[in-house]
There are 2 protein chains.
Amino acid sequence: MAVPTFNRKDQASVNTMRLLAADMVERAKSGHPGLPLGAAPMAYVLLTRFLKHDPKEPAWPDRDRFILSAGHGSALLYAWLHLAGYELSLDDLKNFRQWGSRTPGHPEHELTPGVDASTGPLGHGFAMGVGMAMAERMMADRFNRADFEIFNHHTYALVSDGDLMEGVSSEAASLAGTLGLGKLIYLYDDNQITIEGSTDLAFTEDVRSRFLAYGWQVIVVTEGEDLASLHTALENAREEGERPSLVMVRTKLGAGSPKENSAKAHGEPLGPEAIRSTRSFYGYPEDQEFTVDPRVYEHFQSLGESNRNIRADWWDRLQRYAQAYPEEAAELNRRLRGELPSGWTEALPVFENGSVATRAASGQVLNSLAAKLPELVGGSADLGPSNKTTIDDGGSFGVLNRGGRNIHFGVREEAMGAIVNGLTLSGGLRAFGATFLVFSDFARPAMRLASLMSLPVIYIYTHDSIGVGEDGPTHQPVEHLAALRAMPGLTVIRPADANETSAAWQSALTRRKPTVLALSRQNLPVLAPADYPAVADGPLRGGYILSDSLDGHEPKAIIIATGSEVSLALEAQKLLAEEGHRRVRVVSMPSWEIFDEQLAEYRDEVLPPSVEKRLSVEAGLAMGWAKYLGPKGRSVSVESFGASAPAERLFLELGFSPDHLADLVKNL
Amino acid sequence: MAVPTFNRKDQASVNTMRLLAADMVERAKSGHPGLPLGAAPMAYVLLTRFLKHDPKEPAWPDRDRFILSAGHGSALLYAWLHLAGYELSLDDLKNFRQWGSRTPGHPEHELTPGVDASTGPLGHGFAMGVGMAMAERMMADRFNRADFEIFNHHTYALVSDGDLMEGVSSEAASLAGTLGLGKLIYLYDDNQITIEGSTDLAFTEDVRSRFLAYGWQVIVVTEGEDLASLHTALENAREEGERPSLVMVRTKLGAGSPKENSAKAHGEPLGPEAIRSTRSFYGYPEDQEFTVDPRVYEHFQSLGESNRNIRADWWDRLQRYAQAYPEEAAELNRRLRGELPSGWTEALPVFENGSVATRAASGQVLNSLAAKLPELVGGSADLGPSNKTTIDDGGSFGVLNRGGRNIHFGVREEAMGAIVNGLTLSGGLRAFGATFLVFSDFARPAMRLASLMSLPVIYIYTHDSIGVGEDGPTHQPVEHLAALRAMPGLTVIRPADANETSAAWQSALTRRKPTVLALSRQNLPVLAPADYPAVADGPLRGGYILSDSLDGHEPKAIIIATGSEVSLALEAQKLLAEEGHRRVRVVSMPSWEIFDEQLAEYRDEVLPPSVEKRLSVEAGLAMGWAKYLGPKGRSVSVESFGASAPAERLFLELGFSPDHLADLVKNL
């Protein structure tokens with residue numbers, strides 16, 4: 001591909017993008033004009049000359065992905081989506097940042113057509129893109145055939161200083177280098193200005209050398225206004241097959257405005273005078289907002305022509321593929337629809353006896369499912385052997401094995417979270433990430449984005465309490481169940497045994513939002529279906545009567561427990577019965593969120609309002625349990641940090657023994 | 001300093017450290033023998049030939065700091081502390097990882113003498129060290145005089161692959177390079193093994209080039225057993241004045257054991273056979289555990305001699321300093337004791353009227369306090385102008401200004417959290433870090449360590465609700481107050497106005513643990529003392545009657561609110577009074593934690609058990625409010641993610657209006 005001669009139409013298009021963005025911010029009296037003014041040229045060249053996409057089908061599976069990692073530049077993205085012909089009108093642009101609009105302050109996936117990922121928290125767009133580029137290789141490996149190239153697309157992002165300062169981008173960049181993601185291409189808006197002033201204040205590193213060290217190709221464009229140089233740089237990036245590319249583009253924040261090169265251009269409207277002078281600088285009538293020359297629309301329209309053909313060809317190809325490879329095509333369609341294969345639940349193991357850690361049970365379930373669900377991929381932040389997350393015959397994803405289903409994330413929990421978001425956003429994959437529950441703190445920003453986007457990712461968080469034992473308080477989660485339950489849209493499941501773990505996987509896979517599986521390090525007695533018939537389907541309802549009042553009458557007291565504490569509750573129930581207190585019910589409550597979704601009738605059946613003596617037992621904070629306990633309820637909980645000691649000792653010291661529970665129930 | 005000739009005593013000392021560590025793990029049946037076996041030589045050379053310290057005074061202010069960032073290697077640290085003469089007996093070592101011992105699984109500050117920071121969550125030791133190195137320069141700048149060098153010490157750490165993979169270390173390393181922290185020296189245990197296998201799986205980056213790109217000096221030691229090479233490398237690191245140094249030391253995980261160079265050596269005891277063969281490899285009786293040759297003790301004792309003299313000299317110097325510079329010495333002593341100057345509270349402003357965002361009020365309070373409290377230093381993760389955290393005449397901390405009190409952390413919330421931990425651990429400083437409340441998620445791992453160590457750091461988290469407005473859901477905290485209140489040992493204060501903000505700073509500065517100030521973006525009416533006398537000291541009690549029943553009788557209903565919702569509650573109270581409902585009390589509850597610390601009598605006075613009609617009003621999750629609401633209480637809350645729109649609109653749409661609150665109170 002030769003470098004095209006960019007002409008006045010191109011320049012007019014760039015300037016229209018700039019001014020639309022500045023006008024949006026001005027009208028909203030809120031937003032970020034600086035990035036759009038400076039980065040419009042690179043965005044223009046990338047989005048009109050390289051990006052494979054079609055506004056008529058924003059979800060086209062083999063489209064190139066584009067992520068505005070510097071999400072505060074949303075106005076630029078919306079201006080382009082509008083001009084390119086996505087379903088985003090000039091009125092939508094005028095409604096920027098207003099209640100109910102499709103043009104929110106930061107890009108939101110699913111709300112605005114053409115937005116491939118929600119961004120805003122810096123660094124996360126960068127890291128999600130790495131997941132998308134991995135997904136592309138995985139899908140290509142699974143579905144492409146010598147005569148049919150079904151997946152072959154690039155992942156692009158526009159990233160800022162802030163993105164590169166955030167640790168998550170370092171984590172993701174290092175992994176992207178190791179994995180040789182040659183089709184990952186990032187434009188870096190190198191404007192040398194941060195909110196507090198010059199990047200010299202806090203960011204003097206040699207970005208180029210740093211990325212070379214990660215194994216990236218780095219290309220420098222010294223003049224961010226030069227469309228031809230930008231084109232050449234992107235072409236060189238595309239020609240590189242083995243390394244991700246960072247194209248560093250020297251720009252001016254707020255270019256063409258009176259606030260050019262000043263932090264003041266970053267995050268507030270230019271103001272009435274400055275915007276007039278900016279319009280005038282770019283040759284537009286200074287008092288006319290939201291101006292688009294019809295020739296600019298036409299120009300964008302004609303630039304989209306080849307992409308429309310490429311998309312049509314792709315669908316033709318897919319049809320022929322379906323004839324040549326009907327099984328693969330059927331699987332592909334199923335996976336792209338986000339459906340599970342029929343009969344998949346048959347793969348879920350049932351455990352009849354013994355004692356097994358729920359993390360180990362989870363490993364067994366995962367391996368059982370992996371055979372039926374080729375879309376299941378994931379891994380751990382270097383704790384695979386502890387998290388039990390290895391798919392035994394899955395192979396390791398790497399340069400030489402694009403079909404590998406085990407991902408070695410390294411000790412990088414936050415990037416892992418972002419990468420599973422990217423894998424999931426790509427379509428056709430169900431991704432999981434694993435670490436110790438206590439280190440979910442590191443992944444929280446990514447989990448919040450997953451929750452906001454309703455991505456059905458699965459977090460396998462093991463070592464879920466003081467049961468961690470000797471590793472001590474830095475490794476023992478205490479507040480994490482509460483903190484995760486606090487996150488809107490996230491489901492937390494803490495299974496009591498191997499069978500509940502099997503059910504937890506079933507729930508996680510069928511839900512259309514993210515799920516945490518909180519799993520024990522230590523062995524737990526299996527709740528055999530023969531002894532506890534309710535375990536067969538109760539866990540799928542979030543909470544259920546595991547063992548009812550032993551004399552068949554309405555219970556006088558209820559012990560509600562989760563995870564490793566359920567077996568303690570059962571033992572306490574037995575102790576109480578031996579002392580003649582036979583009307584004690586044990587409710588297992590693996591998931592608040594799922595239980596809360598049940599009909600009130602069911603919930604009242606499990607927790608009858610008439611039974612006021614209630615004890616919650618969970619080796620974590622009591623915070624939030626009040627909703628199940630009522631005015632007379634009590635909690636056995638852990639309210640401060642743990643300690644380094646064998647787990648059995650810790651449970652005893654902190655009051656988690658059947659004797660103690662039985663005493664508490666008697667005293668209710 | 002010439003390279004000493006290392007002899008058999010040195011080698012015996014190294015091997016004793018190794019085997020003590022391996023024996024500890026073996027006896028505990030839990031722990032990490034791999035790192036101690038491989039890293040003992042570098043630890044030995046650093047700790048016996050470079051580290052300025054004295055076991056007789058572990059808190060000596062001008063000691064060198066040493067952080068075992070790879071905290072799982074704790075047994076190595078304890079072995080050295082024991083041999084060096086710290087108060088840690090052989091019995092303590094034998095009690096490794098047991099209930100109540102001083103040798104927990106990961107190093108814990110204050111629990112074990114000589115442990116400068118709690119470590120375990122990888123990357124955080126690395127980043128805390130950066131804060132310590134900054135603190136050293138700050139203290140030197142403030143207190144050293146031409147004729148008196150009071151502060152001049154190094155900060156060392158031992159870091160692992162995992163530390164370098166974590167994003168927080170990238171953030172901190174980049175900042176350390178920018179800040180030219182020449183007295184920061186890290187030993188990197190480059191063993192090329194991670195838990196999941198070879199580092200090739202996930203970590204093929206060129207670490208050397210990466211750190212050069214950050215502006216570090218990098219020194220490579222190819223043979224980690226070679227004490228002389230290690231000595232030379234450390235000497236070269238010490239000679240470098242302007243750049244931090246990374247000494248990369250090629251080692252073998254589990255060196256000398258049958259599991260050498262295998263991931264199996266990392267995190268579990270060697271086992272009875274392997275430990276025997278390891279003892280034998282190092283020339284020790286294979287069945288004898290915890291063996292220390294008396295000559296090894298003597299050797300350590302003699303190596304400590306010069307340090308004892310250096311410490312004695314330092315105290316002499318300080319005495320002479322106190323005569324020459326009595327004011328400085330008095331300030332230094334006060335600051336090292338962690339005391340505030342008498343009369344400091346006089347600097348707290350009182351606000352009489354108007355309307356001001358609590359973030360702006362906080363900026364005013366901070367500046368007012370800064371004049372009285374020279375120990376107050378800190379900054380923002382590149383949001384200073386928004387967080388209002390600039391100390392106006394404080395200058396920016398940097399290479400050319402070691403007295404600068406404003407720290408530009410860059411967009412690095414996690415490293416900021418770790419660095420304020422390091423600044424605080426150093427002694428003599430009160431450090432704060434700032435960002436938007438929603439991005440507290442990024443800092444959470446650091447905040448947890450601060451809470452665990454009871455460090456009195458201050459987090460200034462502004463834009464504390466949907467009041468963020470147009471920036472939308474990625475920038476609007478919803479679950480964050482709940483998630484932070486969940487963290488043991490952390491205090492959250494959400495002031496209702498400027499005067500409560502002043503009080504919040506007072507509480508934060510007097511508490512000996514970390515405090516979050518959650519502050520509004522938007523203006524809030526000042527609760528003038530003339531109108532609300534209780535505002536004068538009520539806020540210091542966490543919760544108080546701001547405006548009581550308007551007819552002087554016992555209230556029939558209580559509205560409990562925090563932060564920006566308090567003024568709404570007051571308006572609702574007025575509306576209700578206009579309709580004849582005059583027995584409504586408004587309680588402002590800026591801090592649960594502080595209120596919970598009050599005597600029951602006081603708490604019952606504020607929230608009389610007899611008044612069951614209670615409404616909590618907070619623009620965040622209701623989770624946890626139940627404890628103040630009782631069986632009949634209700635919450636006005638935000639249970640799902642926000643949206644991009646002007647703040648006023650969002651508050652209205654989500655039910656935060658005086659009208660709606662008044663209706664709810666009537667319906668209670």
Side-chain angles (χ1 to χ4, degrees), chain A residues 30 97-99 104-106 120-122 162 165-168 170-171 174-175 177-178 194-196 201-206 209-210 213-214 382-384 408 410-412 414 441-442 444-445 452 470-475 478-479 482-483 486-488 621 623-624 626 631 640-641 644-645 649, chain B residues 30 97-99 104-106 120-122 162 165-168 170-171 174-175 177-178 194-196 201-206 209-210 213-214 382-384 408 410-412 414 441-442 444-445 452 470-475 478-479 482-483 486-488 621 623-624 626 631 640-641 644-645 649:
Chain A
S30 165
R97 296 185 155 233
Q98 302 309 303
W99 178 257
H106 290 79
L122 291 171
M165 282 190 254
E166 287 286 2
V168 66
S170 299
E171 294 178 358
S174 177
L175 188 59
T178 294
T194 72
I195 291 176
E196 294 187 1
L201 285 172
F203 190 60
T204 57
E205 65 175 47
D206 177 351
S209 299
R210 174 180 149 206
Y214 292 141
D382 197 38
L383 289 171
H408 300 278
V411 190
R412 304 179 178 110
E414 189 176 353
D441 278 348
F442 287 79
R444 233 177 133 81
L452 193 56
E470 292 89 343
D471 273 344
T474 56
H475 284 54
V478 169
E479 71 279 24
M487 196 175 282
L621 227 59
M623 188 178 186
S640 55
F641 293 111
S644 172
R649 179 71 183 267
Chain B
S30 166
R97 295 184 155 232
Q98 301 310 304
W99 179 258
H106 290 78
L122 291 171
M165 283 191 253
E166 286 286 2
V168 65
S170 298
E171 295 178 359
S174 178
L175 188 60
T178 294
T194 72
I195 292 175
E196 295 187 1
L201 285 172
F203 191 59
T204 57
E205 64 175 47
D206 176 351
S209 299
R210 174 179 149 208
Y214 292 142
D382 198 37
L383 289 171
H408 300 278
V411 190
R412 304 180 179 109
E414 189 175 352
D441 278 349
F442 287 80
R444 233 176 132 80
L452 194 56
E470 292 89 344
D471 273 345
T474 55
H475 284 55
V478 169
E479 72 278 25
M487 196 176 281
L621 226 61
M623 187 177 188
S640 55
F641 292 111
S644 171
R649 179 70 183 266

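Letters A, B, ... mirror the listed sequences (proteins, then strands); counts begin at 1.
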If I measure from the heavy atoms of chain A, does B/Ser30 come under 4.5 Å with its side chain, its backbone, both, or neither? side chain
Counting heavy-atom pairs closer than 4.5 Å to chain B, which one of A/Pro473, A/Gly472, A/Ser209, A/Pro104 comes out on top? A/Pro473
State, yes or no, whether a side-chain contact exists between B/Glu479 and A/Pro488 at a heavy-atom distance under 4.5 Å. yes
Residues forming a side-chain hydrogen bond (donor to acceptor under 3.5 Å, both in side chains) with A/Arg210, sequence neighbours excluded: A/Ser170, A/Glu205, A/Tyr214
Distance (rounded to the nearest 0.5 Å) between B/Met165 CE and A/Thr178 OG1: 9.0 Å
Are B/Arg97 and A/Asp471 packed together at the side-chain level, in the sense that at least one heavy-atom pair is separated by less than 4.5 angstrom? yes
Rounded to the nearest 0.5 Å, how far does CD of A/Glu166 lie from CD of B/Glu171? 5.5 Å
Checking A/Leu621 against chain B: side chain, backbone, both or neither under 4.5 Å from a heavy atom? side chain
Measure distances from A/Gln98 to the heavy atoms of chain B and classify the residue's part below 4.5 Å as side chain, backbone, both or neither. both
Heavy-atom proximity to chain A below 4.5 Å, by part of B/Glu414: side chain
If we only count heavy atoms from C-beta on, is the A/Thr474 to B/Leu452 side-chain gap below 4.5 Å? yes
Flag the one option from B/Leu122, B/Asp206, B/Val168, B/Leu175 with the top tally of heavy-atom pairs under 4.5 Å to chain A. B/Asp206
State the CZ-CZ distance between A/Arg444 and B/Arg444, to the nearest 0.5 angstrom. 5.0 Å
Closest approach of A/Gly162 to B/Val411 (non-hydrogen atoms, all atoms of both residues): CA-CG2, 3.8 Å
